[in-house]
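We name chains A, B, ... by the order of the sequence lines, and we start the count at 1 in each one. None of the values given here were measured: they were computed from a predicted structure.
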Amino acid sequence: MPELPEVETTRRGIEPHILNATVKDIIVREYKLRWRIPKELEQQLPNQTILKVERRAKYLLLKTKSHCLIIHLGMSGSLRILEDHVPAEKHDHVDIILSCNILLRYRDPRKFGALFWTAQNPLLHPRLIDLGLEPLSKKFDDTYLFQQSRKKTVCVKSFIMNAKILVGVGNIYASEALYLAGIDPRRAAGRISKKRYGLLVQAVQKVLTKAIKYGGTTLRDFTKSDGAPGYFAQKLNVYDKNDLPCPSCNQAIKQIKLNQRSSYYCPKCQS
DNA sequence: AATCGCGCCTGACGGC
DNA sequence: TGCCGTCAGGCGCGAT
């Protein structure tokens, strides 16, 4: 589910509620997520104060004085802020109860998400250390994508979804960015000009920024931290629009599979 | 080294 | 109504 805009929307939603709050208790109902939730989290999180709420790639970083709780939402995860008496429902795996009578609730039906607890710099965690550039950072530019892509035979869509190159772009925004840039998603990454990578950089930044502005994309189960859906689904041009007309030229949008993922493009506008 | 396909897990939906 | 196959916003891993 969540790509960078949904994770950033979640971060912005929870930050004002949990910043400088002290953890009263943590309740873990299901340990078995993508990785097992460590016992140390339950033992050590209570009485710690949340001093920073940051994001790196699709990971949320809740920092205390001595530790960092790293949260990944996987495919179907969400975080919500609730009153501390609201009963848990199915798939509500973790509650973090805060001193101010609210709780941060982690729900994840498919259990592809993860919670890590680390005393070291979270950026050095094994799951984060090899991540590529943030797409909204200054370093992310045409030169970078061009250099990284030389001699690569993978299709450009898989290339921009590779977190070792570039983080935060998942299946929805990859299709959308390539549409905006006019690039055929099937094209080999190594056979795209620097000029076209310049267009792609602009497109990625534009679509992510706009999606954040609209609170992310809700297709099925994504909810913001207040339970409301994101509204960017209304702004999608091609994703999930097989056979519907291209907003620009009216040609039917095509759906294909690239590396086992559904991909959408306009056969006339993208080449 | 790079690429590809599988598997983790639950739920929704369509066809029969 | 039930059963079965397919699909879903991520991503690590092993085989090639």
Side-chain angles (χ1 to χ4, degrees), chain A residues 1-10 29-37 55-60 70-79 89-94 106-116 125-132 135 147-178 185-191 204 207-208 211-212 214-224 229-242 255-264:
Chain A
M1 157 185 80
E3 304 181 36
L4 186 150
E6 291 73 36
V7 178
E8 180 60 23
T9 295
T10 300
R29 302 184 190 84
E30 172 64 271
Y31 289 87
K32 197 177 160 290
L33 302 179
R34 180 75 197 265
W35 278 273
R36 192 175 179 78
I37 295 177
R55 177 190 59 75
R56 165 71 171 123
K58 297 174 188 168
Y59 294 91
L60 287 166
I70 304 172
I71 303 175
H72 195 285
L73 300 177
M75 200 80 141
S76 57
S78 62
L79 284 170
E89 296 174 18
K90 200 175 181 184
H91 308 306
D92 287 342
H93 304 315
V94 180
Y106 176 84
R107 173 181 291 184
D108 186 2
R110 294 181 71 181
K111 298 193 270 192
F112 289 169
L115 270 67
F116 302 113
H125 187 278
R127 299 272 71 81
L128 279 75
I129 193 162
D130 291 324
L131 292 172
Q147 285 178 353
Q148 291 293 319
S149 63
R150 289 312 89 182
K151 311 224 165 142
K152 296 241 164 102
T153 59
V154 279
C155 64
V156 61
K157 176 175 178 257
S158 298
F159 175 67
I160 61 170
M161 288 176 69
N162 180 352
K164 289 190 173 157
I165 305 293
L166 160 68
V167 301
V169 175
N171 206 35
I172 294 178
Y173 299 109
S175 279
E176 292 296 316
L178 288 162
R186 298 168 296 180
R187 186 175 281 274
R191 296 180 152 273
V204 165
V207 73
L208 295 180
I212 292 169
Y214 282 86
T217 300
T218 298
L219 290 176
R220 277 159 276 275
D221 43 14
F222 174 70
T223 60
K224 297 193 283 177
Y231 295 110
F232 193 71
Q234 301 167 8
K235 303 288 172 187
L236 296 173
N237 286 303
V238 292
Y239 186 84
D240 211 12
K241 301 204 180 285
N242 187 32
Q255 175 176 5
I256 56 170
K257 289 266 186 196
L258 293 173
N259 290 84
Q260 287 101 245
R261 310 297 301 275
S262 277
S263 311
Y264 303 83

Peer 1: Tell me what A:Lys90 touches on the nucleic acid: a base, only sugar-phosphate, or nothing, going by heavy atoms under 4.0 Å.
Peer 2: sugar-phosphate
Peer 1: Among residues at least two apart in sequence or on other chains, which ones pass salt bridge (Lys or Arg N to Asp or Glu O under 4.0 Å) with A:Lys111?
Peer 2: A:Glu30
Peer 1: Is A:Thr153 near enough to B:dT3 that one of its side-chain N or O atoms lies under 4.0 angstrom from OP1 or OP2?
Peer 2: yes
Peer 1: How far, in whole Å, is B:dT3 from C:dG9 if one measures between their C1' atoms?
Peer 2: 23 Å
Peer 1: Hey, does the side chain of A:Lys58 come within less than 4.0 Å of C:dG10's phosphate (OP1/OP2), counting only N and O?
Peer 2: yes
Peer 1: Which atoms of nucleotides 5-8 of chain C (N or O only) lie under 3.5 Å from a protein N or O atom, and what are those distances?
Peer 2:
from: C:dA8; atom 1: OP1; to: A:Ser262; atom 2: OG; distance (Å): 2.4
from: C:dA8; atom 1: OP2; to: A:Lys257; atom 2: NZ; distance (Å): 3.0
from: C:dA8; atom 1: N3; to: A:Arg110; atom 2: NH1; distance (Å): 3.1

Peer 1: Give a yes/no on whether any side-chain N or O of A:Lys164 is located under 4.0 angstrom from OP1 or OP2 of C:dC11.
Peer 2: no
Peer 1: Please determine whether the number of non-hydrogen atoms from other residues, nucleotides or ligands lying under 6.0 Å from atom CZ of A:Arg191 exceeds 12.
Peer 2: no
Peer 1: For B:dT3, take OP1 and OP2 only and decide whether either is under 4.0 Å from a side-chain N or O of A:Lys152.
Peer 2: no
Peer 1: Return each pair, listed once, that meets side-chain hydrogen bond (donor to acceptor under 3.5 Å, both in side chains) where at least one residue sits in residues 230-242 of chain A; pairs must be two or more places apart or across chains.
Peer 2: none
Peer 1: Without decimals, in angstroms, what is the distance between A:Asn162 CG and B:dT3 C1'?
Peer 2: 11 Å
Peer 1: Any sub-3.5 Å donor-acceptor pair from A:Arg187's side-chain atoms to A:Ala189's backbone N or O?
Peer 2: no
Peer 1: Among the candidates B:dA2, B:dC4, C:dG10, find the nucleotide nearest to the side-chain atoms of A:Glu3.
Peer 2: C:dG10
Peer 1: Given C:dC11, is OP1 or OP2 found less than 4.0 Å from the side-chain N or O atoms of A:His72?
Peer 2: yes
Peer 1: Test your reading of the model: is there a side-chain donor-acceptor pair from A:Glu8 to the backbone of A:Pro5, 3.5 Å cut-off?
Peer 2: no
Peer 1: Enumerate the protein-to-nucleotides 12-14 of chain C contacts in which both atoms are nitrogen or oxygen and the separation is below 3.5 Å.
Peer 2:
from: C:dG12; atom 1: O4'; to: A:Arg34; atom 2: NH2; distance (Å): 2.9

Peer 1: To the nearest 0.5 Å, what is the distance between SG (A:Cys155) and CG (A:Leu178)?
Peer 2: 9.0 Å
Peer 1: Could you check which of B:dT3, B:dG11, C:dG10 has an atom nearest any side-chain atom of A:Phe112?
Peer 2: C:dG10
Peer 1: First locate atom CD1 of A:Ile37, then atom CG of A:Leu115, and finally report the distance between them rounded to the nearest 0.5 Å.
Peer 2: 5.0 Å
Peer 1: For DNA chain B, what are the stems built from at least three Watson-Crick or G-U pairs in a row, each pair having both distances below 3.5 Å?
Peer 2: B:2-8 with C:10-16, B:10-16 with C:2-8
Peer 1: For A:Arg107, give me all partners under salt bridge (Lys or Arg N to Asp or Glu O under 4.0 Å), at least two apart in sequence or on another chain.
Peer 2: A:Glu89, A:Asp92
